[in-house]
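Worksheet: the structure to be examined is printed underneath.
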Amino acid sequence: MTIARDFFAQDAVRVARGLIGAELRVGGVGGRIVETEAYDAGDPASHSFAGVTKRNAAMFGPVGHAYVYRIYGLHWCLNFVCASEQPGSAVLIRAIEPLYELEVMRARRGGIADRLLCSGPGRLAQALGIDGAIDGSPLDQPPFALSEPAGPSPIVAGPRIGITKAPTTPWRFCLAGSRYLSKPS
DNA sequence: CGTAAGATATTCT
DNA sequence: GAATATCTTACGT
């Protein structure tokens, strides 16, 4: 079942939780989402906190679109734009469980272990072929394909990773027991 | 096993 | 100039 655009018209934390277990494909390549982080409007750790810039313009655009940006000068990160009351919310996709077109992902990632193919934002983006060209693209049209979770998933919440602004806010969500997380359970 | 360094775009001071 | 929602490689235990 495809995820409706309305799903993203709620606060980032609910979207982040709801995405765990969903299937994501980009050009047929992808798998099951096992790790997300929420970045809400007004969150000091969010790129949207300091206002609109050229880089984060997609975050203030329509709900249900992609926000893709470069981090540390060399890695890409994939986010889904959502909204609560104020614009500027997004959910960072941190890890997926590889299921479709494994050969393509292995080739893009240099033939490393399957467990490490998509276990982190930068790795995931490289494996799926994400780059700045699809920043702002709608998630309900090709090359994107999003499907609802097959059933309820056991979810573990914890503090977000790699940030310094609000490190204790428990807005990181993982599929419990998955072997494909950026950090073991 | 662990810690450390390097790559380097974009934004803010 | 400094910091950042990261990953890989190199080197020391």
Side-chain angles (χ1 to χ4, degrees), chain A residues 8 11-20 24 26 31 33-61 63 65-84 86-98 105-137 139 155-175 178-185:
Chain A
F8 294 100
D11 62 87
V13 173
R14 302 187 91 181
V15 173
R17 286 185 61 103
L19 283 174
I20 298 294
L24 166 68
V26 181
I33 297 173
V34 296
E35 185 175 353
T36 62
E37 279 179 8
Y39 288 88
D40 206 356
D43 175 3
S46 171
H47 284 172
S48 60
F49 186 70
V52 186
T53 65
K54 186 174 185 185
R55 179 181 60 162
N56 68 17
M59 265 185 113
F60 294 88
V63 160
H65 286 223
Y67 165 45
V68 179
Y69 67 94
R70 219 204 254 286
I71 188 66
Y72 296 115
L74 65 162
H75 297 294
W76 295 103
C77 290
L78 172 65
N79 300 251
F80 293 167
V81 177
C82 53
S84 46
Q86 300 290 324
S89 299
V91 173
L92 170 68
I93 310 302
R94 288 195 57 90
I96 70 175
E97 173 184 347
M105 291 194 267
R106 290 193 191 109
R108 286 174 177 156
R109 297 272 302 127
I112 62 165
D114 287 359
R115 216 185 88 264
L116 301 174
L117 276 180
C118 303
S119 59
R123 292 165 174 169
L124 180 158
Q126 186 184 2
L128 298 195
I130 303 280
D131 64 19
I134 53 175
D135 182 36
S137 299
L139 298 171
I155 294 174
V156 178
R160 290 175 292 183
I161 293 181
I163 58 171
T164 56
K165 300 291 172 53
T168 59
T169 307
W171 283 355
R172 170 175 175 248
F173 301 100
C174 302
L175 180 63
S178 172
R179 307 181 351 254
Y180 300 94
L181 304 175
S182 63
K183 213 170 96 177
S185 88

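We name chains A, B, ... by the order of the sequence lines, and we start the count at 1 in each one.
Judged as a side chain to side chain donor-acceptor pair (under 3.5 Å), and not counting sequence neighbours, A/T36 has no contacts. Looking at residues two or more places apart in sequence or on another chain, you find a side chain to side chain donor-acceptor pair (under 3.5 Å) between A/D40 and A/S89. Remark: A/D43 pairs with A/R160 by the salt bridge (Lys or Arg N to Asp or Glu O under 4.0 Å) rule, at least two apart or across chains. Partners of A/S137 by side chain to side chain donor-acceptor pair (under 3.5 Å), not counting sequence neighbours: none found. Applying the side chain to side chain donor-acceptor pair (under 3.5 Å) criterion to A/S48, with sequence neighbours excluded, gives A/S46. When the salt bridge (Lys or Arg N to Asp or Glu O under 4.0 Å) test is applied to A/R106, the partners found at least two apart in sequence or on another chain are A/E103, A/D114. Not counting sequence neighbours, A/D131 has no partner by the salt bridge (Lys or Arg N to Asp or Glu O under 4.0 Å) test. In this structure, the ring pair (Phe, Tyr, Trp, His ring centres under 6.0 Å) partners of A/F80, at least two apart in sequence or on a different chain, are A/F8.
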Based on Watson-Crick and G-U pairs with both distances under 3.5 Å, what dot-bracket line describes DNA chain C 5' to 3', crossing pairs as [ ] and inter-strand pairs as |?
||||.|||||||.
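No contact: A/R160 has no heavy atom under 4.0 Å from any strand. Among the protein residues, A/N56 comes within range of no part of the nucleic acid, since none of its heavy atoms lies under 4.0 Å from any strand.
The same atom, C1', is picked in C/dA5 and in B/dT3; the two are 23 Å apart, to the nearest Å.
Side-chain contact between A/C77 and A/L92: present, with at least one pair of heavy atoms (C-beta onward) separated by less than 4.5 Å. Using a 4.5 Å heavy-atom threshold, the side chains of A/E97 and A/I33 count as separate.
The shortest non-hydrogen separation linking A/A83 to A/V63 is CB-CG2, 3.5 Å.
Nearest-nucleotide positions on DNA chain C place A/I163 closer to the 5' end than the other of A/R109 and A/I163. Both A/V91 and A/I112 sit near DNA chain C, but only A/V91 has its closest nucleotide nearer the 5' end.
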For A/S182 and A/E35, run side-chain hydrogen bond (donor to acceptor under 3.5 Å, both in side chains): C-alpha distance rounded to whole Å, both residues' side-chain angles, the deciding distance at 0.1 Å, then the answer.
CA-CA 8 Å; A/S182 63; A/E35 185 175 353; 2.9 Å; yes
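On the nucleic acid side, DNA chain C has its first and last nucleotide under 4.0 Å of a heavy atom of chain A at C/dT4 to C/dT8, going 5' to 3'.
Within residues 39-51 of chain A, the residues having any heavy atom closer than 4.0 Å to DNA chain C are, in order of number, A/Y39, A/A45, A/H47.
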Please produce a list of atom pairs where a protein N or O lies less than 3.5 Å from an N or O of nucleotides 5-10 of chain B.
residue, atom, partner, partner atom, Å
B/dT8, O2, A/Y72, O, 3.0

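Centroid-to-centroid, the aromatic rings of A/H47 and A/Y39 stay 6.0 Å apart or farther.
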